[in-house]
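Note that the structure is predicted; figures quoted are calculated from it, not measured. The figures here come from the full heavy-atom set of this structure, side chains too, leaving out hydrogens, waters and symmetry mates. Ligands are counted one by one from 1 in listed order, and the atoms in each one are counted from 1 as well.
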Amino acid sequence: MSRSPSPRRPAIIAALCAVALSLTGLTGAAPPPEPSSTAAPPYQDPSLPVADRVDDLLSRMSLDDKIGQMTQIEKDALVPQSDLATYRIGSVLSGGDSTVSPNNARTWADTYDSLQRTALGTPLGIPMIYGIDAVHGHNAVRGATVFPHNIGLGATRDPALVQRIGRAVAEEVAGTGIDWSFAPCLCVVRNDRWGRTYESFGEKPELPTSMATFVTGMQGGTLGADPASVLATAKHYLGDGGTTGGVDQGDTELSEAELRAVHLPPFQEAVRRGVGSVMLSYSSWNGVKSHAHKYLVTDVLKGELGFTGFVVSDWAAIDQLDGRSGFTAAEITTAVNAGVDMVMVPHDYKKFLSLLRGEVSAGRISMARVDDANRRILTKKFRLGLFERPLTDRSFTSQVGSAEHRALAREAVRASQVLLKNDGGVLPLAKNAKLFVAGKSADDIGNQSGGWTVGWQGRSGPVTEGTTILQGIRATVTDPSRVTYDRYGNGIDGSYTAAVAVVGETPYAEGRGDRPGSMGLDQEDLQTLARLKASGVPVVVVLVSGRPLDIADRLPDWKALLAAWLPGTEGNGVSDVLFGDHAPTGKLPVTWMRSASQQPINDGDGKTPLFPYGHGLSYDTAPDPEPDPTPTPEPQACTAQFRLASSWSGGYQAEVTVKNTGTGPLTGWSVEWDLDGSAVTNLWNGTLSVAQGRATVRNTAHNGALSPGATTSFGFTANGTAGAPAPQCTGS
Ligand code: GLC
């Protein structure tokens, strides 16, 4: 993180702080640095290896220092601000509705710097780290660039674009001083009823996995090496998008193999890319809360995947562990011992610190666990450069909402548009056409931005600066006077070339967006569309929504349908496509249901959708060829490549890559090999059977379909020695 150098702080001030704190009996501290010593202690020496700096700092920290580092609180809960230093709190966040006044970049930066100066006032001067949900831009800040939500970015199929967006968001976040974003959500949405569907890049693990490039964009190739490096967060671990019924914070009822096959790959990729933090999910796996799941958090994430960053809990998530409101010492112990390194309390920090101190003192949380958590947290603070440059680098503040970033966002909006229907080539529209525009989301930047926009739930109306879809249309046509707008469609007649109806969902976030019942259009939209239909004018529907909607029975009335998703502040990216300045290239990131009763519906599950995963037309799309009535069966060939991942005395872990080497698609595969005396103890991404010392692994429901040249893999652990198996693959 690029920061301006912190003001020099003579040793005497540090000593006075130490005396003040010791009088409050809060320290019980290791002795503060000798006031007379002039040499800076090793942890303050940036030329030393980070591990050495961490070791030195840890050796100087009291228990209060250490439990403070494991504590994250909401900015607005910090009263008085001096408690940040008094209680040695290591992290502050702004939750969805936490803001500053006036809400602009400079005020955010001033607020950040004021808090940081308070944090630096402790004897050890450990900087705090500030987190915020910059999930589709620096969306808490009025005037910031708001990019398309993840579902739209998934439709682009462009990981490099998403990386560029990560970088742009990091610059705007850095420009307000903030060091850490709770993004990207790497959730794999499996049921579109889920209120967080739009936070997912898509329903098949390889799509969110490919978009983990956002981590690299936000952090840079090496954390802290880049002037605007911001700590990223892979969230929510594990299986948040797979709950039964799409219930937010519900229960993901899957076998371990399915959980690993569907929900783990994006986190594996984020860890490979060096993601600095992982946020746990409120949801459960087969009835056990993720925040209490030591196997998933410590054994799999930190052990098997080798995650070396720190794990943060979700907002007041540990309060849910015993099913009763508020948090208890037992819940704190369960979560920390499961592997949570930092607790997003976020309010009652005095109670939290008192309970945590008690649990450590009683030995129910070991000092080894406390030190491990601190080591993970401090390592990221050192690598971010917070000790050398703790305050805002104001050179990035002007990047907030910059023309350059808005141009990038407009590019992303264009690339995210998915053309689902275009009868008679009604699109692209002519720029000299006489157009009637209607719909509640045609001129509403709040609706087109969705949730997490200048407020947790977002809201309709002029919530921030940007360009509405209507403004984009008017800026594109040759004569704006030939564009008529009425939200409800009143006044339309047969004289218009076409009607453009911009309809869909109003903003929501998290559980408030769950749709257990109808997934159709609301009454206002239906009445507006009825008025347009009655005029006899061709109707082009632009759907502004966080998910597919149940519109099959309305589709015959529409000449064209464009899924715009939640485009954010640059609505002109939609008009770029409507008028053909850019042909649509987007592909569905999720299967589009024929009816809500089909939910969950996903690629490869055998159900017949209205539009399949990957569907998307363009303007040069020749009409879909008639399917070959008697397609000639292609030779189904595949290979299986064995790779020893790791071995230890008495056992080993391996991965087998399956490749479709035929010229036609595979719908399934099986792989066989001789175990040579070893015994498989655990397997994921496949289904195992063993007979006469020979193992057979078949595909799961999610990785059976392979197009020519495509690959997938399964992994397993086994007792014994690996030998040199030559697995045989059979395709179907
Ligand atoms: C929320 C969300 C999480 C977010 C956190 C902090 O409840 O589940 O995605 O990062 O709280 O705002």
S.K.: List, pair by pair, the atoms of ligand 1 and of the protein that are both N or O and lie under 3.5 Å apart, giving the separation rounded to 0.1 Å.
M.R.:
residue, atom, partner, partner atom, Å
ligand 1, 7 (O), Tyr282, OH, 3.1
ligand 1, 7 (O), Glu510, OE1, 3.2
ligand 1, 7 (O), Glu510, OE2, 3.1
ligand 1, 8 (O), Arg196, NH1, 2.8
ligand 1, 8 (O), Asp314, OD1, 3.4
ligand 1, 8 (O), Asp314, OD2, 2.6
ligand 1, 8 (O), Glu510, OE1, 3.4
ligand 1, 9 (O), Arg196, NH2, 2.8
ligand 1, 9 (O), Lys235, NZ, 2.8
ligand 1, 9 (O), His236, NE2, 2.7
ligand 1, 10 (O), Asp133, OD1, 2.5
ligand 1, 10 (O), Lys235, NZ, 3.2
ligand 1, 11 (O), Asp314, OD1, 3.0
ligand 1, 12 (O), Asp133, OD2, 2.5

S.K.: Cationic tip of Arg375 within the cone over Phe382's six-membered ring, i.e. under 6.0 Å and within 45° of the normal?
M.R.: no
S.K.: When you measure from the centre of the six-membered ring of Phe327, is the NZ or CZ of Lys351 closer than 6.0 Å and no more than 45° off the axis?
M.R.: yes
S.K.: Do Lys380 and Phe310 meet the cation-pi criteria used here (NZ or CZ under 6.0 Å from the six-membered ring centre, within 45° of the axis)?
M.R.: no
S.K.: Show every ring pair (Phe, Tyr, Trp, His ring centres under 6.0 Å) that has at least one partner inside residues 285-306, sequence neighbours left out.
M.R.: Trp285-His293
S.K.: The criterion is ring pair (Phe, Tyr, Trp, His ring centres under 6.0 Å); which residues satisfy it with His405, sequence neighbours excluded?
M.R.: none
S.K.: Please list, chain by chain and in numerical order, all residues satisfying side chain to side chain donor-acceptor pair (under 3.5 Å) with Thr453, sequence neighbours excluded.
M.R.: His136
